[in-house]
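Have a look at the structure below, then the notes.
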Protein chains: 2
Amino acid sequence: MAELSERQKLLLTLIVHEHTRTALPIGSKSMVQGYNLPFSSATIRNELATMTEMGYLRQPHTSAGRVPTEEGYRFFVSNLVQQTNLPANTRNTISHQFYQSPQGLENWLKLAASVLAKQSQAASIVTAPHTQNVALKHLELLSTRAAQVLMVLVLVGGEIRQRIFNLDEATSQERLSQIASRVNARYQGSTAQQISAETEEEDPLELSVLSHLRDEMERSGNLLTGAVYLDGLTNVLAEPEFAQSEQALSPMRLLEERTLLNDVISRTVMTEAVGGVQVLIGGEGTWEELRDCSVILTRYGIPDQITGTIGVLGPMRMPYGHTISTVRYVGGLLSDLVSDTLAE
Amino acid sequence: MAELSERQKLLLTLIVHEHTRTALPIGSKSMVQGYNLPFSSATIRNELATMTEMGYLRQPHTSAGRVPTEEGYRFFVSNLVQQTNLPANTRNTISHQFYQSPQGLENWLKLAASVLAKQSQAASIVTAPHTQNVALKHLELLSTRAAQVLMVLVLVGGEIRQRIFNLDEATSQERLSQIASRVNARYQGSTAQQISAETEEEDPLELSVLSHLRDEMERSGNLLTGAVYLDGLTNVLAEPEFAQSEQALSPMRLLEERTLLNDVISRTVMTEAVGGVQVLIGGEGTWEELRDCSVILTRYGIPDQITGTIGVLGPMRMPYGHTISTVRYVGGLLSDLVSDTLAE
DNA sequence: AATTAGCACTCTCGTTGTGAGAGTGCTAAT
DNA sequence: ATTAGCACTCTCACAACGAGAGTGCTAATT
């Protein structure tokens, strides 16, 4: 990847900015007069030609202006975007909303989705935090009928799980409560692994309960478990590049199909990130559905304990600086809220 | 509303069918040759003219074919649509999926949404059932830190609620457990009303807990509480009438905005229904967002105890017979599943 | 050697025009 | 009451065309 001269960088920046604003191709002439540049349109044309050659720009057709390519955006995001913090009053507006909102993780997640969508004018994605190796706080067993049991599970982070299962034989509520309190006494504060390791129980009923308990606790690791909050889908529809709904179909389908979405999230979040925020531009050759979209993601929560993902999906033509800052800021807020809730 | 002759009814039926198939206006000539009608195109033209006069048909422009109006669809649905049951093999395919699926209400609801969306090729809406006047099954209080308490609430239907709140003073886990077991002993099987009536407690801590308990139980009545599962949004986008995304924006926005959606659901579900299935055609003058859409809804669950709503949203040009049957059938299945789970 | 003015050329886009096709309403005949 | 016939209307697809914006290239300038 050849280096760009300073002037070329400037031009790329201008084109990206202008294009995100207008959604139109930018020509040499309009640039020079729009920004009072100290070189002529001919010079710019030469530069643009070489940058087009290099793959950073693209002409929708001969004799149209230039538009950034996927590569161009990638270069811009890696090297040129200035990492501004969100302006103070925006930060205040956002944080205010969180501290105003009714307490509780679910409310915060919904709010995060809504704030992200509104701020970025794109679709937002918020996954509920899932616990990793998190310990049992409390187990409750309730008989529903005959051998059927409702298991309610509180994990240390306050996360609640429920599962219905059947025992081999009908069992009284007293018996269940007894088992539950023994399990609580012995395994409170233990992780799934520890429970597996320490199990040395003969009572078949208790063994059965423990296996369901472990099973449910281990399901944490699976991203699919957690709820996903989406918001601002209509923002994407409203963008001009998705004016004919065919174009909008792919990103919408992606947002709708959990498995696809999780695939994108999990594989993106693995990659290296700048300042903790990952930027996936134009599907990166892997996701056809994201051809004209970009996804900006970050993790939140407490690393290795309880983490989730938030981010936005929008057109490739996106105000990266602002959006990245917003995602980062909201991620930070959520992390704080989660830690506060978790702190004991 | 003037009566229609038998022949006019026939013509209306044909137009509705043909239009749902092709999405195009239907002309007199194509009708007579497409269906081998025993009258000439001129006769049909006369009939169509009077039906247009009466408001059941519409011409997109002079010298185009006819399209059913909102009124036309309404007449069709009230009088002409034949209430077929779903074909046996479709029914089997659907029910099979439910009994195959992992147990648990949440899974069933997701599945219902997915099945409805696929069957109707439209967007589906499934609200989690909410309990009405349902009794407390079990209360659990867990100290998180200082005066903060995590309240976990199991209702008789198996529904689980959680709430975090603060007490006036820091309280030990023992103390909380003690309160919880007293509340369980006294109020198990009671509804919120009964709890309010019987309260005669002096302990301020317990009073505080009870007030939060009542509060949370009463929130059941609020539709907003329950989760809403949507599926098949992209089906709506794919319909030709929503080809330019502007058109699709309104229904999408409606599906996205919970409050709007709940408004439609709650006000529609109140109205009288044919065979328990409500059909809302073209917003009925109330919802501008639904101008070109129809919504088909039904309740499921156990009346007055635990009920939810399922349905679909699609273009006004919709195969009403099939869709109504599907909604009814899936609603019935869900009702059965809920009753089974609830039975004790 | 880099920059720029000038110029011929290209391509889109909105407008206009045209003809085919489908459908209509009306009148007169059956 | 129905139908054949006819003149008329309106959309839609396609072609033609000019304005506008932008380009690449060459030759002159700094």
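Just so we're on the same page: letters track the sequence lines, and every chain starts at 1.
Atom CD of A/Gln59 is separated from atom C1' of D/dG24 by 10 Å (rounded to the nearest Å). Rounded to whole Å, the distance from NZ on A/Lys29 to P on C/dT4 is 14 Å. Remark: C1' of D/dG22 and CD of A/Glu47 are 17 Å apart, rounded to the nearest angstrom. Rounded to whole angstrom, the span from the CD atom of A/Glu53 across to the P atom of D/dT23 amounts to 15 Å. Distance B/Arg58 CZ to C/dG23 C1': 16 Å, rounded to the nearest Å. Remark: P of D/dG22 and CD of A/Glu18 are 11 Å apart, rounded to the nearest angstrom. Atom pair A/Gln33:CD and D/dG22:P shows a separation of 9 Å (rounding to whole Å applied). Across the protein-nucleic acid pair, A/Leu24 atom CG and D/dA21 atom C1' stand 12 Å apart, rounded to whole Å.
Residues satisfying the side chain to side chain donor-acceptor pair (under 3.5 Å) criterion with A/Ser63, sequence neighbours excluded, are absent altogether. By the ring pair (Phe, Tyr, Trp, His ring centres under 6.0 Å) test, B/Tyr320 is found to be paired with B/Tyr73, residues two or more places apart in sequence or in another chain being considered. Listed by chain and number, the residues in a side chain to side chain donor-acceptor pair (under 3.5 Å) with B/Thr20 amount to none (sequence neighbours excluded). Residues satisfying the ring pair (Phe, Tyr, Trp, His ring centres under 6.0 Å) criterion with A/Phe242, sequence neighbours excluded, are absent altogether.
With hydrogens and angles disregarded, no donor-acceptor distance shorter than 3.5 Å links the side chain of B/Thr90 to the backbone of B/Leu86. Proximity of a side-chain donor or acceptor of A/Glu47 to a complementary backbone N or O of A/Ile44 within less than 3.5 Å is not detected.
At C/dA22, none of the side-chain N or O atoms of B/Arg66 fall inside 4.0 Å of OP1 or OP2 (strictly under the cut-off). Residue B/Arg7 places none of its side-chain N or O atoms closer than 4.0 Å to OP1 or OP2 of D/dA1.
Taken residue by residue, residues 38-46 of chain B places heavy atoms nearer than 4.0 Å to DNA chain C at B/Arg45.
Residues in residues 280-298 of chain A take part in these salt bridge (Lys or Arg N to Asp or Glu O under 4.0 Å) pairs, two or more places apart or across chains: A/Arg74-A/Glu284, A/Glu288-A/Arg291. Residue pairs meeting the salt bridge (Lys or Arg N to Asp or Glu O under 4.0 Å) criterion with at least one partner in residues 312-321 of chain B, sequence neighbours excluded, are B/Glu239-B/Arg317, B/Glu241-B/Arg317. For residues 246-256 of chain A, no pair satisfies salt bridge (Lys or Arg N to Asp or Glu O under 4.0 Å), with sequence neighbours left out.
Counting only N and O atoms by type, the side chains of B/Thr43 and B/Ser40 include a donor and acceptor under 3.5 Å apart. Judged by distance alone, the side chains of A/Thr52 and A/Arg66 do bring a donor and an acceptor atom under 3.5 Å apart.
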Taking only N/O atoms, report every protein-nucleotides 28-30 of chain C pair under 3.5 Å with atom names and distance.
none

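In terms of heavy atoms, B/Ser245 sits closest to A/Leu237 at OG-O, 3.2 Å.
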Return a table of donor-acceptor pairs under 3.5 angstrom between the side chains of residues 24-39 of chain A and protein atoms on other chains or two or more places apart.
from, atom 1, to, atom 2, distance (Å)
A/Ser28, OG, A/Arg45, NH1, 3.3
A/Ser30, OG, A/Gly27, O, 3.1
A/Tyr35, OH, A/Glu18, OE1, 2.7

Completion exercise
Given protein heavy atoms under 4.0 Å, the one-letter contact record of nucleotides 10-19 of chain D, with B base, S sugar-phosphate only and - none, is simply BS--------
Exercise for the section: Return one dot-bracket line describing DNA chain C 5' to 3' (Watson-Crick or G-U wobble pairs, both distances under 3.5 Å; ( ) same strand, [ ] crossing, | another strand, . none). Expected result: ||||||||||||||||||||||||||||||
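More than 12 non-hydrogen atoms from other residues, nucleotides or ligands lie less than 6.0 angstrom from NZ of A/Lys9.
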